[in-house]
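I have placed the structure first, in the form of structure tokens, so that the comments after it can refer back to it.
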Amino acid sequence: MPEKVQAPRGTFDVLPDDGRARLRLLELSEAIFGRANYGPIETPVFEATELFERGVGETTDVVEKEMFTFDDQGGRSLTLRPEGTASVCRAYVEHGMHKAAQPVKVWYWGPFFRYEAPQAGRYRQFTQVGVEALGSDDPSLDAESILLLAELLELAGARGIRFRVSSLGTAATRRAYSDELREHLRAREDQLSDDVLGRLDRNPLRAFDSDHPGTQAALRDAPRLLDRLARDDAEHFAEVRLLLDDAGLEYELDGTLVRGLDYYTRTVFEVESTELGAQSALGGGGRYDGLVELLGGPATPGVGWAAGVERILLAAKEPVEPARPSVFVALADGAAAAAAFALARDLRSRGVATELEQAGRSLKGQMKHADRLGAAHVVIVGESIEIKDMASGEQHAVATMEDAVAELA
RNA sequence: GUGGGCGUAGCUCAGCUGGUAGAGCUCCUGGUUGUGGUCCAGGCGGUCGGGGGUUCGAGUCCCCUCGCUCACCCCA
């Protein structure tokens with residue numbers, strides 16, 4: 001017997017019940033983003049490897065160890081996209097969108113890929129929904145972006161939501177602050193955990209994520225990034241917060257918030273759900289004012305976020321209503337099969353959700369099947385044409401197929 | 001990459017110290033020679049993840065391996 005082939009590690013099949021839940025979330029996204037005038041955008045699932053190396057940052061975990069990279073037959077290095085923002089910025093540059101009216105607002109939904117060990121809420125192929133607004137650094141865009149995410153999560157029914165918001169300032173202030181923090185930690189090296197010590201050169205800010213007691217002690221009187229923001233950045237952040245407060249969003253100000261990608265500047269945010277396991281982040285994002293320029297475009301500010309579709313659904317976990325036909329066409333006589341088939345098509349063309357017998361079952365089996373499907377009516381086609389109301393059990397004959405259609409449509 | 005848990009029917013699982021592979025649900029058929037929801041009877045469905053070893057005999061014990069899963073790291 002041939003060996004069974006399984007879906008690759010870290011991937012999954014979406015079966016119809018789950019598919020309906022995902023489709024609902026997609027439709028919800030379209031409605032929310034559409035009325036805020038964000039347009040749908042699609043970019044390729046694979047891109048030149050260089051796009052992510054440059055855009056996301058060479059030393060990030062994503063680029064260093066999580067990319068699905070391969071050479072095509074022409075020897076070009078391609079990578080299955082690990083995130084969406086770099087691609088959107090690439091498209092913005094490639095299509096000269098800086099000449100369109102600014103800001104350019106887009107939203108996307110699609111598969112992303114990271115080579116990691118799978119666990120609850122983490123897959124190698126996963127789905128993200130996200131929004132981006134490019135071409136203006138107005139703080140209202142930051143606030144709008146965050147509030148769109150909050151609205152999506154609320155309407156999706158995600159439970160246990162917690163927002164954290166901060167500002168990283170410009171790349172320059174962050175660099176200066178990193179140096180300052182690194183020196184502070186170096187002076188307390190003996191208290192730090194090995195992890196933190198190992199990352200000290202590359203990314204000292206990560207130390208704040210550690211729950212190691214010694215590290216925490218060493219950080220107690222450490223300088224804080226929010227106190228080091230340049231005046232512009234501090235004012236910008238204050239305005240963002242004002243708008244969020246006015247909108248009534250509940251969030252935590254968290255000066256230790258560090259995101260895993262290099263391109264963030266100024267506003268950053270993350271949402272998590274207490275309903276999830278260890279992978280509790282539902283989504284996150286922020287402002288990336290240097291990214292478009294880094295990718296060869298004109299200096300262009302931008303802000304946006306991405307959220308994990310599987311994780312939102314995990315945090316919402318609403319029971320899915322199975323789809324049910326309103327009519328089931330049963331066959332009492334094999335000779336009527338063609339007529340029954342035509343009847344089903346006719347009903348469907350009039351918008352009636354219709355299922356028909358296509359498995360050679362006995363009439364009893366068909367009735368049982370129709371009942372399990374939850375059909376409201378069964379049309380029994382044979383020597384006569386009968387319409388049965390499944391709830392009441394009442395049944396009557398009609399003269400022609402046309403009469404049956406007229407009654408059920 | 002590292003560590004814990006788990007792999008027996010499509011699904012959920014039982015199978016005590018080794019002795020002829022089971023249950024419930026699902027699906028199909030029949031009880032009702034053209035009629036569902038309850039009930040009853042029957043049927044389909046298994047290389048017990050794979051390989052090797054011990055044994056008269058292995059789902060059960062030993063070794064290896066593969067897969068799933070949770071966690072660390074990091075993140076969606």
Side-chain angles (χ1 to χ4, degrees), chain A residues 1-12 15 56 60-66 81-85 109-130 149 153 158 193-196 198-199 203 206 209-212 257-261 270-273 276-285 305-315 328 330-336 357 359-395 397:
Chain A
M1 196 194 290
E3 238 176 83
K4 283 183 193 167
V5 178
Q6 290 179 280
R9 184 172 167 77
T11 67
F12 54 89
L15 303 184
V56 176
T60 58
D61 279 11
V62 169
V63 170
E64 258 185 357
K65 49 184 204 197
E66 297 172 4
R81 60 182 185 184
E83 64 101 48
T85 304
W109 169 295
F112 292 85
F113 306 84
R114 290 186 201 173
Y115 192 87
E116 291 191 88
Q119 66 186 79
R122 173 192 282 170
Y123 306 97
R124 289 185 173 180
Q125 176 178 336
F126 54 100
T127 312
Q128 283 193 165
V129 57
L149 177 54
L153 294 176
S193 75
D194 292 344
D195 294 15
V196 172
R199 287 195 298 252
N203 199 341
R206 275 282 147 70
D209 292 337
S210 172
D211 41 19
H212 177 80
L257 181 58
V258 179
R259 309 235 61 240
L261 312 179
E270 214 167 272
V271 213
E272 49 183 22
S273 168
L276 269 44
Q279 308 309 318
S280 59
L282 290 182
W305 52 260
V309 167
E310 290 78 20
R311 290 190 186 174
I312 293 175
L313 260 17
L314 224 56
F328 183 87
L331 218 50
D333 178 354
E357 172 57 21
R361 266 181 285 256
S362 67
L363 186 60
K364 174 178 174 161
Q366 294 179 51
M367 295 306 291
K368 188 175 251 192
H369 185 57
D371 184 52
R372 295 223 171 100
L373 290 176
H377 295 274
V378 174
V379 183
I380 302 158
V381 181
E383 283 170 18
S384 64
I385 305 166
E386 308 268 336
I387 296 180
K388 177 164 189 171
D389 182 315
M390 292 298 274
S392 67
E394 184 272 335
Q395 178 174 327

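Letters A, B, ... mirror the listed sequences (proteins, then strands); counts begin at 1. Side chains included, hydrogens not; waters and symmetry mates left out as well; all remaining heavy atoms used. It should be emphasised that the depicted structure is a prediction, and the values quoted were computed from it without experimental measurement.
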Practice task
Hunt down the Watson-Crick or G-U wobble partner of rC25(B), both distances under 3.5 Å, from any strand shown, or write none.
Solution key: rG10(B)
Result block: side-chain N/O donor-acceptor pairs under 3.5 angstrom for residues 112-119 of chain A, not counting sequence neighbours:
unit_1    : atom_1 : unit_2   : atom_2 : d
Arg114(A) : NE     : Pro82(A) : O      : 2.9
Arg114(A) : NH2    : Pro82(A) : O      : 2.9

Problem - Rounded distance in Å - CD (Gln6(A)) to C1' (rG10(B)) - result: 15 Å
Handout entry: Sequence-aligned protein contact record of nucleotides 28-40 of chain B, with B where the base is within under 4.0 Å of a protein heavy atom and S where only the sugar-phosphate is
Key = SSSB--BBBB---
Practice task
Given side chain to side chain contact (heavy atoms under 4.5 Å, CB included), test Val309(A) with Trp109(A) step by step and report yes or no.
Solution key: CA-CA 9 Å; Val309(A) 167; Trp109(A) 169 295; 3.7 Å; yes
Exercise for the section: Give a yes or no on whether the backbone of Gly277(A) and the side-chain of Ser280(A) come within a donor-acceptor separation of less than 3.5 Å. Expected result: no
Practice task
Check the surroundings of atom CD in Glu383(A): do more than 12 heavy atoms from other residues, nucleotides or ligands lie under 6.0 Å from it?
Solution key: no
Problem - Inter-nucleotide P distance (rA23(B), rC61(B)), Å rounded - result: 23 Å
Problem - Distance between C1' atoms of rG36(B) and rC68(B) (Å, rounded) - result: 39 Å
Handout entry: Nearest-Å distance once atom P is located in both rC28(B) and rC66(B)
Key = 41 Å
Handout entry: Those residues that, when tested against Ala376(A), pass side-chain contact (heavy atoms from CB on, under 4.5 Å) (two or more places apart)
Key = none
Practice task
Mind jotting down which residue pairs meet the salt bridge (charged side-chain N to carboxylate O under 4.0 Å, His left out) criterion with at least one end in residues 360-377 of chain A? Sequence neighbours excluded, please.
Solution key: Glu357(A)-Arg361(A)
What nitrogen or oxygen pairs link the protein and nucleotides 41-43 of chain B at under 3.5 Å?
none

Practice task
For each nucleotide in nucleotides 71-76 of chain B, reading 5' to 3', give B when a protein heavy atom comes within less than 4.0 Å of its base, S when such contact involves only the sugar-phosphate, and - otherwise.
Solution key: BBBBBB
Exercise for the section: For the pair Gln366(A) (side chain) and Leu331(A) (backbone), establish whether a donor and an acceptor sit closer than 3.5 Å, ignoring hydrogens and angles. Expected result: yes
Problem - Rounded distance in Å between the C1' positions of rU20(B) and rG59(B) - result: 14 Å
Handout entry: Interatomic distance where CG belongs to Leu314(A) and C1' belongs to rC70(B) [whole Å]
Key = 13 Å
Practice task
Taking atom P in both rC62(B) and rG22(B), compute the distance separating them and give it to the nearest angstrom.
Solution key: 25 Å
Handout entry: Base paired to rC68(B) (Watson-Crick or G-U; both N/O distances under 3.5 angstrom)
Key = rG5(B)
Exercise for the section: Just do the side chain to side chain contact (heavy atoms under 4.5 Å, CB included) check on Arg122(A) and Glu310(A) with the steps written out, would you? Expected result: CA-CA 9 Å; Arg122(A) 173 192 282 170; Glu310(A) 290 78 20; over 6 Å; no
Problem - Partner nucleotide of rC16(B) by Watson-Crick or wobble geometry (both distances under 3.5 Å) - result: none
Problem - Separation between CD of Gln395(A) and NE2 of His377(A), rounded to the nearest 0.5 Å - result: 12.5 Å
